[in-house]
Amino acid sequence: MSGNRSDESQVVLRPLYRAEQVRELDRRTIAAGIEGFALMQRAATAAWQSLKARWPGVKRITVLCGSGNNGGDGHVLAALAAVAGVEVQRIALKPPETLKGDAARAAEMATAAGLGLEPWRKGMAFTGEVIVDALLGTGLTGEVRGEFRDAIEAINSSGLPVLAIDIPSGLAADTGAELGTAVRATRTVTFIGDKIGLHTGRAPALTGEVHFRALGVDARSQADLTPAAELLDQELLKVWLPPRTRDAHKGAMGHVLVLGGAPGFGGAALLASEAAARLGAGKISLATAPEHVTACLAYRPEVMVHGMRGAAELGELPGKADVLVVGPGLGQGAWGQGMLQAALVESQPLVVDADGLNLLASHFSGQRRDDWILTPHPGEAGRLLGCSAAEVEADRPAAARELQKRYGGVVVLKGAGSLVAGSGGMAVCPYGNPGMASGGMGDVLSGILGALLAQGLALEVAARLGVMVHAMAADMAVRDAGERGLLAADLASYARVIVNPGFEPGFHSFAGGH
């Protein structure tokens, strides 16, 4: 195999923080001599500049302000807009006399700029062309209630574009969960430290475009504030996938064995096998039910297909592979149980997906390895943790961390903003789209991961890279033909383009056959 490649020093990934960490950064910055109101002015200025860049011809805006510093940002933005000649409707959820500190000073600044202030009334009309959400900041932990809930619902039903300041109101900054209801923003401008909750769970449906502004604060200089995660970046492809040497041969590119395709479920295992081949593994073997052999050979003759009536017929086949992918189409009957049991006694790295995970939860509990990648969706994650999928989605980062703690290796918690949790920390994938909401996508991912491991990438590197390539392939596919009707089988050819040197994700369009 080609050896581990895990040097990320050429690419600086954006750190993602919890809300309390960002508040600590804010406190330290103020303690170092920058006035709190000056930071508020920086934030409001950044938000106003972002609004003008996104909606350059705007003539009227509506700004809804809450009671804390998030509301203060809104008041200052309103003042800046008024000075720029924009008509501003300023709406307050709390009376200005109840505001304190910098928020009170911000409200006074807006009033001094000649702006009126309307108290929030349910059913009131918004006069702006763009709404600015400055209702609730990152400190929200409980469900949104009362007038704030009414205001958020009014924003969402208005049909107007929305700029969210720091975070869409109602979105949990640490988890990406929607706290009862949340603003659906067109663009979100966030400050000082980017928040993990802006990139996973419900966040992709609520934040719109996320723009980060540091406001002159260098979060990375605070060595004691370990980020909650990192945001993956496509530039890592150039680091992790250098060109092959001119004397490369298939024996050096690794051998992947896919164990899957119980009677009646052959398609999933074939999807994983094809993905492993397209991602560059030297040899692909597939152990599947005998009735699938003919169809598999006809569709993908490059795969070495072995018909197995049960695990007893595997013989020496697992020992010849460098990586085992177990789970796609495995089923939960005796055939699947035997295949998983056979895989678990092997010493090679494993990728476990689908029914392999369900069997781990139901028949092989207590298993822990440092050399496997587990790829659960929220339902499978819940079964592995003994909770519901809803509980997993309520705090995806915590679920991913707990899965990795219990089971070892690397855990990929799939979904919007997939999470990759390993001993080296957590990463969030910012790529992917709703077209991936179709059967077989996870099978393709398992094949991609198997191929990357077979080619010598370290476990955590392979997991991060595989998740990113999988999602980027889906993004390329939908740019060509749209989200509806995207098939898992479409992804392998796009993924092949992505992992080859010279690929430019922002400009390349692949229109070849699948």
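Because only heavy atoms are used, hydrogens play no part in the values below, and waters and symmetry mates are left out as well, while side chains stay in.
Formation of a donor-acceptor pair under 3.5 Å by the D443 side chain with backbone atoms of L270 is not found in this model. Remark: side-chain polar atoms of R383 are not paired, donor with acceptor, to backbone N or O of A361 under 3.5 angstrom. Using a distance-only test at 3.5 Å, with no hydrogens or angles considered, a donor-acceptor pair links the side chain of D133 to the main chain of S169. Within the 3.5 Å criterion, the main-chain N or O of H377 finds a donor-acceptor partner in the side chain of E380. Checked by atom type and distance alone, the side chain of S157 pairs as donor or acceptor with a backbone atom of A154 at under 3.5 Å. For E402 (side chain) and A398 (main-chain N/O), no donor-acceptor pair under 3.5 Å exists by modelled atom type. Between the side chain of N156 and the backbone N or O of R184 there is at least one donor-acceptor pair closer than 3.5 Å. The closest donor-acceptor contact from the side chain of N70 to the backbone of L135 lies under 3.5 Å. Checked by atom type and distance alone, the side chain of Q348 pairs as donor or acceptor with a backbone atom of A321 at under 3.5 Å. Checked by atom type and distance alone, the side chain of H211 never pairs as donor or acceptor with a backbone atom of A46 at under 3.5 Å.
Annotation: R42, atom CZ; neighbour count of heavy atoms from other residues, nucleotides and ligands within 6.0 Å is above 12. Summarising the local packing, CZ of R368 is surrounded by more than 12 heavy atoms from other residues, nucleotides or ligands at distances under 6.0 Å. At most 12 non-hydrogen atoms from other residues, nucleotides or ligands lie less than 6.0 angstrom from CZ of F265.
Put simply, CG on L491 and CZ on R278 are 12.5 Å apart, with the number rounded to the nearest 0.5 Å. Here OG1 of T186 is found 6.5 Å from CZ of R54. Values are rounded to the nearest 0.5 Å. Residue Y407 holds its OH atom at 7.0 Å from CG of L360, rounded to the nearest 0.5 Å. Here the straight-line distance linking atom CE of M426 with atom CG of L419 works out to 5.5 Å at 0.5 Å rounding. Note that CZ of R23 and CD1 of I192 are 11.5 Å apart. Values are rounded to the nearest 0.5 Å. Atoms OG1 and CG, on T138 and L171 in that order, are 10.5 Å from each other to the nearest 0.5 Å.
For the residue pair A219 and Y17, the shortest heavy atom distance occurs at CB-OH, 3.4 Å. Annotation for V467 and C429: closest pair CG1-CB, 3.7 Å, computed over non-hydrogen atoms. When all heavy atoms of H75 and L99 are compared, the closest pair comes out as NE2-CD1, 4.0 Å. Across all their heavy atoms, S67 and A103 have their closest contact at O-CB, 3.9 Å. Across every non-hydrogen atom of G331 and L359, the tightest pair is O-CD1, 3.6 Å. Across every non-hydrogen atom of A492 and A275, the tightest pair is CB-CA, 4.3 Å.
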- Query: Going through the checks in order, is the side chain to side chain contact (heavy atoms under 4.5 Å, CB included) test met by L465 and L237?
  - Reply: CA-CA 7 Å; L465 179 60; L237 293 169; 3.3 Å; yes
- Message: Apply side chain to side chain contact (heavy atoms under 4.5 Å, CB included) to residues T200 and L413 and explain how you reach the verdict.
- Response: CA-CA 10 Å; T200 192; L413 180 55; over 6 Å; no
- Message: Under the criterion side chain to side chain contact (heavy atoms under 4.5 Å, CB included), I'd like the reasoning laid out for L453 against I373: C-alpha separation, chi angles, the key distance, then a yes or no.
- Response: CA-CA 10 Å; L453 288 173; I373 301 175; 3.9 Å; yes
- Task: Apply the test side chain to side chain contact (heavy atoms under 4.5 Å, CB included) to residues M441 and L445: give CA-CA distance (whole Å), side-chain angles for both, the deciding distance (0.1 Å), then the verdict.
- Result: CA-CA 6 Å; M441 291 290 172; L445 175 61; over 6 Å; no
- Message: Show, in sequence, the C-alpha distance, side-chain angles and deciding distance for R202 and E393, and conclude whether the salt bridge (charged side-chain N to carboxylate O under 4.0 Å, His left out) test is met.
- Response: CA-CA 9 Å; R202 284 286 292 154; E393 288 292 87; over 6 Å; no
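Two residues are said to be in side-chain contact when any heavy atoms from C-beta on lie closer than 4.5 Å; P168 and L198 meet this criterion. Annotation: side chain of L452 is not in contact with side chain of W240 (no heavy-atom distance under 4.5 Å). At a threshold of 4.5 Å between non-hydrogen side-chain atoms, the residues E460 and S423 count as touching. Residues I498 and L241 fail the side-chain proximity criterion, which asks for heavy atoms closer than 4.5 Å. At least one side-chain heavy atom of R149 sits under 4.5 Å from a side-chain heavy atom of E143. Two residues are said to be in side-chain contact when any heavy atoms from C-beta on lie closer than 4.5 Å; L225 and R28 meet this criterion. Side-chain contact check for D353 versus V325: every heavy-atom pair is 4.5 Å or farther apart. At a threshold of 4.5 Å between non-hydrogen side-chain atoms, the residues V12 and R220 count as touching.
The one candidate from V63, V132, N69 that meets the side chain to side chain contact (heavy atoms under 4.5 Å, CB included) condition with I165 is V132. Test L449, V410, D370 against L459 for side chain to side chain contact (heavy atoms under 4.5 Å, CB included) and you get one pass: V410.
A donor atom on one side chain and an acceptor atom on the other are found under 3.5 Å apart for S50 and R187. For the residue pair T190 / K195, a side-chain donor-acceptor distance below 3.5 Å is found, with atom types taken as modelled.
In summary, R27 and E20 engage in a salt bridge, as defined by a charged side-chain N under 4.0 Å from a carboxylate O.
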